[in-house]
Amino acid sequence: MEDPPANNFLQTIISADLASGRVSTVVTRFPPEPNGYLHIGHAKSISVNFGLALANNGRCNLRFDDTNPEKESQAFIEAIEADVRWLGYEWDGEVRFASSYFQQLYDWAVYLVEHGDAYVCDLTADEAREYRGTLTAPGRNSPNRERTVAENLDLLERMKAGEFDEGAKVLRAKIDMASPNMNMRDPILYRIRKVAHHQTGDAWVIYPTYDFAHGQEDAIEGITHSICTLEFEDHRPLYDWFLDHLPVPARPRQYEFGRLNPSYTVTSKRKLKQLVDQGVVSGWDDPRMPTVSGMRRRGYTPAAIRRFCDMIGTTRSDGVVDVAMLEFAIRDDLNENATRGMCVLNPLKVVLTDYPVDRVETLSAAGHPNRDDLGERALPFTREIYIDADDFREEANKKYKRLVLGKRVRLRNAYVIEADEVVKNDNGEILAIHAHTIPGTLGEDPADGIKPKGVIHWVSAAQGRTAEVRLYERLFSHEAPDKGDNAFMDHINPASLTIIKQAWIEPALADAQPEQHFQFEREGYFVADRYDHSAAKPVFNRTIGLRDTWTDG
RNA sequence: UGGGGUGUCGCCAAGCGGUAAGGCACCAGGUUUUGAUCCUGGCAUGCGGAGGUUCGAAUCCUCCCACCCCAGCCA
């Protein structure tokens, strides 16, 4: 892993802990709930947790926080494992599950009851909310708060045995209903849910809440630094309270960092799901989705995503990160590593009238302008070729560096040509260009000293192949689509996907393997679609366009 | 109006009492058979605000302001 050592407040804490001897080995964990797909925000968390373990010669567990069977599934578990691996990380040992600690957690619940620290409460959800008080007013004690230990033990056992209906009873910690921290107002430890669990089946009808489970899971696994996002900060006193009141085998500590909020995107599971459900995108792995699987299909690389996470840093402030930074990371990676090729998106035929009709000249082009190890590719040149319609104008000002009637242009990796005439139909639409080659310009400037102003890409009409090309742009046209409740649906970019059914690609590109990355010169970075691409029917997705500083003249 | 946080360039982010790193973006040049890459230069007398301590403050103190999180039997 080439991740540079992190230098942030978490590393500072870890270094101090290592130096003081509080911990001898750093153990972190990435604890997703298997109720959805991983997105760019999770990628940051993964990068932080695995990165810190790696940088300190420690370990990082992958633990599914599966305490709420209603929303979870095995399918999500498998997808998450695949995403973590794809990002380039390997967890320590076997995958862990909170559910495999259910018996231990229950035993600890009994322990709290025995010590007078927890009680069974009969309040309904509505009543409980009312008893809880508000942000500014203290709550009131539950009428069941002073039940005897014996009675609580009996009730808890019967909850576990399935004697009560869902919602009829909960187990709560006895802390302080007047605490200014809402999380300390007798939080719920167990609730009754008579649904099968994807891991434990019908073994349980009561399930622990996040608060009662997380810290203890960390203790069981010997997690030294339990890193989560800022919104859990208020839960830390509770996290510590459980560890203080239970005979846990270790003493983990919780630390929080600021969530990643990229501009022009939404990352809440609810909103992403809405995009999928309403058909705005084709699925969770649609190339426009900020999910790990979506970015993968779009053509982002694990290295670029990791690099991006390093670039943005890890702090306790939460701001909006400009997606331009993510775009920079992927361009930077692909510029260095992607093989070059030529693809004409908006074809305009050019007939080279001086070139023999049946002649096929096999030229050679570098796989990469400054990396010989990426080899060369054969490039057939013929009398009829396609160029992009945007690369020709009948007349243009001096800033236009492409083909202009009566002027010259360099065909990338081939000859310099000069446009002689425009062929139009009755409606005045351009059908083709007639041009001629300038002899001796293969790898050489024109002998007459009249150098072309620009270079354009092209594909042989006779030897090229057609391909479907999907041009993706940002899903949202608003910098902060997440602002407001449902407003994000109003900011969807109607042009986020343009499908070109018949683009022309040079023959070498038909050999692309699914998920292979390319730079289509002068256009951008593209990837052969993970699912739809084949040699028989090539399909490429635009990952990101090339940086374009050309201001039209 | 209770509690917990955060405020350094358009964005991210170093800095931890000694006189504002870096990256992204942007702007201006140079190189270039990709208007890409690459290279060079520019870009905070200022660190949310106001006071104060100090020879000296983004860094310490006081007060104020803005924004974020918390009232799921979600995580």
Side-chain angles (χ1 to χ4, degrees), chain A residues 7-8 31-33 35 65 67-68 70-71 121 123-125 128-130 132-139 166-172 178-185 187-193 206-207 209-211 213-214 228-237 256 258-259 263 269 308 310-329 331-332 335-336 340 342 365 368-370 399-402 409-416 441-445 451-457 479 519-525 545-551:
Chain A
N7 184 19
N8 54 52
E33 182 187 13
N35 69 344
D65 216 353
T67 58
N68 184 3
E70 287 177 312
K71 302 175 178 175
C121 177
L123 256 26
T124 63
R129 175 163 49 249
E130 196 253 312
R132 192 154 35 231
T134 68
L135 294 178
T136 52
E166 286 192 8
K169 290 185 173 10
V170 293
L171 181 71
R172 303 176 68 177
S179 173
N181 181 343
M182 300 296 288
N183 296 301
M184 301 300 270
R185 320 247 263 225
I188 289 166
L189 277 48
Y190 271 94
R191 66 294 212 188
I192 299 169
R193 284 288 174 279
I206 59 172
Y207 292 96
T209 55
Y210 164 85
D211 284 314
H214 208 90
C228 58
T229 41
L230 248 27
E231 68 268 29
F232 289 100
E233 194 159 17
D234 289 341
H235 293 246
R236 195 171 61 220
E256 313 85 18
R259 238 198 162 83
S263 60
K269 274 179 191 167
F308 168 67
D310 290 335
M311 282 172 69
I312 60 178
T314 307
T315 69
R316 287 176 57 82
S317 65
D318 59 352
V320 173
V321 172
D322 193 340
V323 279
M325 259 196 247
L326 213 207
E327 295 173 348
F328 167 81
R331 282 195 185 104
D332 199 44
N335 173 55
E336 183 68 27
R340 308 290 124 126
M342 291 194 285
H368 192 286
N370 35 44
K399 291 181 72 177
Y400 189 76
K401 307 203 304 183
R402 310 176 192 184
V409 78
R410 158 75 67 182
L411 291 179
R412 176 71 168 156
N413 296 124
Y415 299 92
V416 170
T441 52
L442 216 47
E444 307 281 346
D445 282 334
K451 292 167 67 169
K453 288 181 61 183
V455 181
I456 64 174
H457 55 103
E479 185 180 356
Q519 182 198 94
F520 289 170
E521 290 188 291
R522 300 211 315 131
E523 289 292 355
Y525 297 99
L546 248 31
R547 193 164 83 99
D548 183 7
T549 52
W550 182 51
T551 43

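Protein chains get the first letters and strands the later ones, always in sequence-line order, with residue 1 at the start of each.
When the side-chain nitrogen and oxygen atoms of Ser317(A) are compared with OP1 and OP2 of A13(B), one or more of them lie within a distance under 4.0 Å. Within the structure, a side-chain polar atom (N or O) of Thr67(A) is placed less than 4.0 Å from OP1 or OP2 of A75(B). Taking side-chain N and O atoms only, Thr315(A) has a distance below 4.0 Å to OP1 or OP2 of A13(B). Put simply, Arg316(A) has a side-chain N or O that comes within less than 4.0 Å of OP1 or OP2 on U6(B). For the pair Thr134(A) and G2(B), the criterion of a side-chain N or O lying under 4.0 Å from OP1 or OP2 is not met. For the OP1/OP2 pair of G35(B) and a distance below 4.0 Å, the side-chain nitrogens and oxygens of Arg522(A) include at least one atom meeting the criterion. Applying the 4.0 Å criterion to OP1 and OP2 of G72(B), one finds that Arg129(A) has a side-chain N or O inside that range. Phosphate proximity of C38(B) to Arg547(A): absent, as no side-chain N or O sits under 4.0 Å from OP1 or OP2. OP1 or OP2 of C74(B) has at least one side-chain nitrogen or oxygen of Arg191(A) nearer than 4.0 Å.
U62(B) and A50(B) make up a base pair, with Watson-Crick or G-U wobble contacts both under 3.5 Å. Nucleotide G35(B) forms no Watson-Crick or G-U wobble pair with any nucleotide shown, as no partner meets the under 3.5 Å limit on both distances.
A search for side-chain hydrogen bond (donor to acceptor under 3.5 Å, both in side chains) contacts involving Arg402(A) returns Asp391(A), not counting sequence neighbours.
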